[in-house]
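None of these values were measured; they are calculated from a predicted model. Sequence lines set the chain letters: A, B, ... in the order given, protein chains first and strands last, and positions in each chain run from 1.
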There are 2 protein chains.
Amino acid sequence: MPDPTPEPGLFGVDNLPYGLFGAAGESGGPDGPDGPGGRRIGVRFGDRVLDVAAAARAFRSPHAGLLAAPSLHPLLAAGRPVWRAVRAELRDWLGSPAHRARVEPLLLPLDAVELHLPFEVADYVDFYASEHHATNVGRIFRPDGAALTPNWKHLPIGYHGRAGTVVVSGTPVVRPCGQGRPSVGTDAPAFGPTRRLDIEAEVGFVVGTPSPMGRAVPQTAFRDHVFGVCLLNDWSARDIQAWEYVPLGPFLGKSFATSVSPWITPLDALDAARVAPPERDRPLLPYLDDGGLEPGGLDLRLTVRLNGHPVSEPPFATMYWTAAQQLAHMTVNGASLRTGDLFASGTVSGPEPGQRGSLLELTWGGRDPLALPDGGARTFLEDGDEVTISAWAPGPTAGSRIGLGEVTGRVAPASAG
Amino acid sequence: MPDPTPEPGLFGVDNLPYGLFGAAGESGGPDGPDGPGGRRIGVRFGDRVLDVAAAARAFRSPHAGLLAAPSLHPLLAAGRPVWRAVRAELRDWLGSPAHRARVEPLLLPLDAVELHLPFEVADYVDFYASEHHATNVGRIFRPDGAALTPNWKHLPIGYHGRAGTVVVSGTPVVRPCGQGRPSVGTDAPAFGPTRRLDIEAEVGFVVGTPSPMGRAVPQTAFRDHVFGVCLLNDWSARDIQAWEYVPLGPFLGKSFATSVSPWITPLDALDAARVAPPERDRPLLPYLDDGGLEPGGLDLRLTVRLNGHPVSEPPFATMYWTAAQQLAHMTVNGASLRTGDLFASGTVSGPEPGQRGSLLELTWGGRDPLALPDGGARTFLEDGDEVTISAWAPGPTAGSRIGLGEVTGRVAPASAG
């Protein structure tokens, strides 16, 4: 009988994030022509991936049909009671010594598989929920105005982004071309590859259970609708954004690519990470008031690495608006939810300079370059640069940790057209 | 042999718009639980609908497989040569007296079918392409600033909207709730059902052929990618919009519902409607310059009716930015296109007061109520009001017309929560 290596705490039985995998080399890369038929649901366990469909067959799971799909959507749509039942099964299959012999052959090394976009993004919404980030950006972009707009403390500001360009970690990010502000004294906008390519370190929330049009989803129903979290890099071209965004908001400065981590950590794995959000200094309307509700913040510790070098450690616990408030706001006008909707936190920035989640903030609009250990320096990203965002959260036992994996991407040169 | 009524010009063989239909009463309404299995591709011919799958079988079409799908997407994705070949077949089936006996039983009366959302919306982008509309809105919303922002004449301003709440004509529109600006002298935002529910009369463009990430789609490739047009009502809650939209653009003021007409008119039916857009008074960057290209404007004549009474006749030919420019702009940063992407023109407003495509403009922000023939008056919409946008375009023969059908919706009262 095989004797599996004890699995490390970051991806042990208290975590069990879901993804979608195929055999490595089955496609020509993350954007390759691999048909969905070759895709299977996987759960990360240590440095291996459990073939969930095979396990469900082997253990005669009542959910074997759902888990054999070439997509996470049937499971996402099945709702919280099924999410919990499947999680209990997974913990049993992977955690019981009695099952080792049966489960061991179903665990594949991570480097033998290719990880795909874990779900098809229905609508993608991006919020702006860090007071530190919004204040920094306000000071940099609108130096003559108030840092925060008058609405900021009353509602979680958000906008829709492009769902079709959400890609899985590892997908190269082609430097976008676009218009920038005319030079002083001219009326002709600049055009070319962006000179201010940036990142935004964020946390994404994945909707499982849909809701009908015309019905608001209250904060108390958050866990019935939201399945789990991923890490997200909202790549941004600051020169394009600065010229285009008044009056209708970000568009081409963001829509060229948004990267997400391949693993969706279920909310059920993050119970020990729940924390109270920062104190609110304005009274909130009833649909946003979270006084008396279970704590809606999450103590996720992010790290941003540029070419392997840590440049920031954004603390998600400092976010002013919680994901439950964002969900309640997004639907208070009766907008429906669909399985696969993705909403992101907005850039995570803490109060300290070393906790800022974008280069815009870390270099204060490009004024203060970041020194890199190889002797180089960066204001914004250069071709070939690789940015990786990783995170962990406290686990259920003292000192334990839940890993959220990482989202990474390398900048490719602008294409010829 | 049956002798069919000669079909009227608005939906004759020069038009042939596509939709998706099922038997009336198959579902509980536009939002009912009808499975996609009951849906079939239809083409409107006069006041009847051709069952396209049945016709393709009857005439042994080489495209019968594609046309038997319960969705328009396989046809949309097949590309322009297939679009043209299928259109030629349809013209033959419906136009040749020799085929009358065979085609007649495959034509169903419009009132015997239920029309569904004609395609699944991938990403929804809304532009802001009428100079008259942008100028009016600028004057009303930002009376102290310039009517047009400095970027307006240099790029077609757009933003992403919510794809999941695009609904087919006839779907009731529930009055949304949300926050509005605090009253003067207070810091507490208003909350409740919107008091300024409005419409925006627009034209939507439906993408068929996808494009890869990292590649711009030039104006010259417009007809290879865009399949056809629909009518669109971008319902808007002006009080919610005014409070939320700085700095990241419209969100809940728009995301509760967007209605589209059930018929997608192929671009091939609109050749006679092509017109030059208004003269550009600033030089354009090469990717937007349309000097020397075939005319990119479309002479579509819209009519807006409120409770049956015509209140505006917006002329689409006056739009400053063309759909080909919008497509080129949307992809110049390398954003990919997906089959089912929908991009809309923005509100169509002409230079005359009777040509404005929103109540915001028609009543100048609510200052000048519209008189209705029943003795009533409106600034913004009341519960029970019905708004219908219809349009036609010049056809290929002198005096002939191509109908674009209509998009209609009735306001339902705000729901309890």
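Counting heavy-atom pairs under 4.5 Å between each of A/P176, A/P212, A/P189 and chain B puts A/P189 at the top. Comparing B/I240, B/L337, B/T149 by heavy-atom pairs within less than 4.5 Å of chain A, the highest count is held by B/T149. Across B/P286, B/A163, B/A412, B/G178, the residue that shares the most heavy-atom pairs under 4.5 angstrom with chain A is B/A163. Counting heavy-atom pairs closer than 4.5 Å to chain A, the top residue among B/G158, B/A122, B/P210 is B/G158. By number of non-hydrogen pairs under 4.5 angstrom with chain A, the leading residue of B/G334, B/P182, B/G161 is B/G161.
Among A/L285, A/V332, A/N151, the one residue that satisfies the side chain to side chain contact (heavy atoms under 4.5 Å, CB included) test with B/Q179 is A/L285.
Aromatic ring pairs are classed by plane angle as parallel below 30°, tilted from 30° to 60° and perpendicular above 60°; the pair A/H154 and B/W243 is tilted.
Looking at B/F141, there are no atoms closer than 4.5 Å to chain A (heavy atoms on both sides), in backbone or side chain. Neither the backbone nor the side chain of A/R181 comes within less than 4.5 Å of any heavy atom of chain B. Heavy atoms of B/R175 lying under 4.5 Å from chain A are absent altogether. Heavy-atom distances place both the backbone and the side chain of B/P150 under 4.5 Å from chain A. For B/L148, no part sits under 4.5 Å from any heavy atom of chain A, backbone or side chain. In this structure, the portions of B/L155 lying under 4.5 Å from any heavy atom of chain A include both its backbone and its side chain. Looking at B/A237, neither its backbone nor its side chain comes within 4.5 Å of chain A, counting heavy atoms on both sides. In this structure, the portions of A/A257 lying under 4.5 Å from any heavy atom of chain B include both its backbone and its side chain.
For the pair B/R338/A/T165, no side-chain contact is recorded, criterion being any heavy-atom separation below 4.5 Å from C-beta on. In this structure, B/R142 and A/P247 have side chains that are in contact, with non-hydrogen atoms separated by less than 4.5 Å. Two residues are said to be in side-chain contact when any heavy atoms from C-beta on lie closer than 4.5 Å; A/M213 and B/V174 fail this criterion. At a threshold of 4.5 Å between non-hydrogen side-chain atoms, the residues B/R162 and A/V125 count as touching. By the 4.5 Å heavy-atom criterion applied to side chains, A/Y124 and B/D123 are not counted as neighbours. Residues A/P250 and B/L248 are in side-chain contact: their nearest non-hydrogen atoms beyond the backbone lie under 4.5 Å apart.
Side-chain atoms of B/N333 come within 3.5 Å of backbone N or O of A/L252 as a donor-acceptor pair. B/S415 places a side-chain N or O within donor-acceptor distance of the main-chain N or O of A/G214, the cut-off being under 3.5 Å.
Expressed to the nearest 0.5 Å, how far CZ of A/F256 lies from OG1 of B/T331 amounts to 14.5 Å. In this structure, NE2 in B/H160 is found 12.0 Å from CG in A/D126, a value given to the nearest 0.5 Å. Put simply, CZ on A/F251 and CZ on B/F127 are 4.0 Å apart, with the number rounded to the nearest 0.5 Å. Residue B/Y245 holds its OH atom at 12.5 Å from CD1 of A/I157, rounded to the nearest 0.5 Å.
Contact between A/S336 and B/G164 at its shortest, heavy atoms only, is OG-O, 3.6 Å. The minimum heavy-atom distance between B/S255 and A/A335, with the atom names listed, is O-CB, 3.7 Å.
More than 12 heavy atoms of other shown residues, nucleotides or ligands fall within 6.0 angstrom of atom CZ in B/R280.
A/E244 and B/Y159 share no side-chain donor-acceptor pair at under 3.5 Å.
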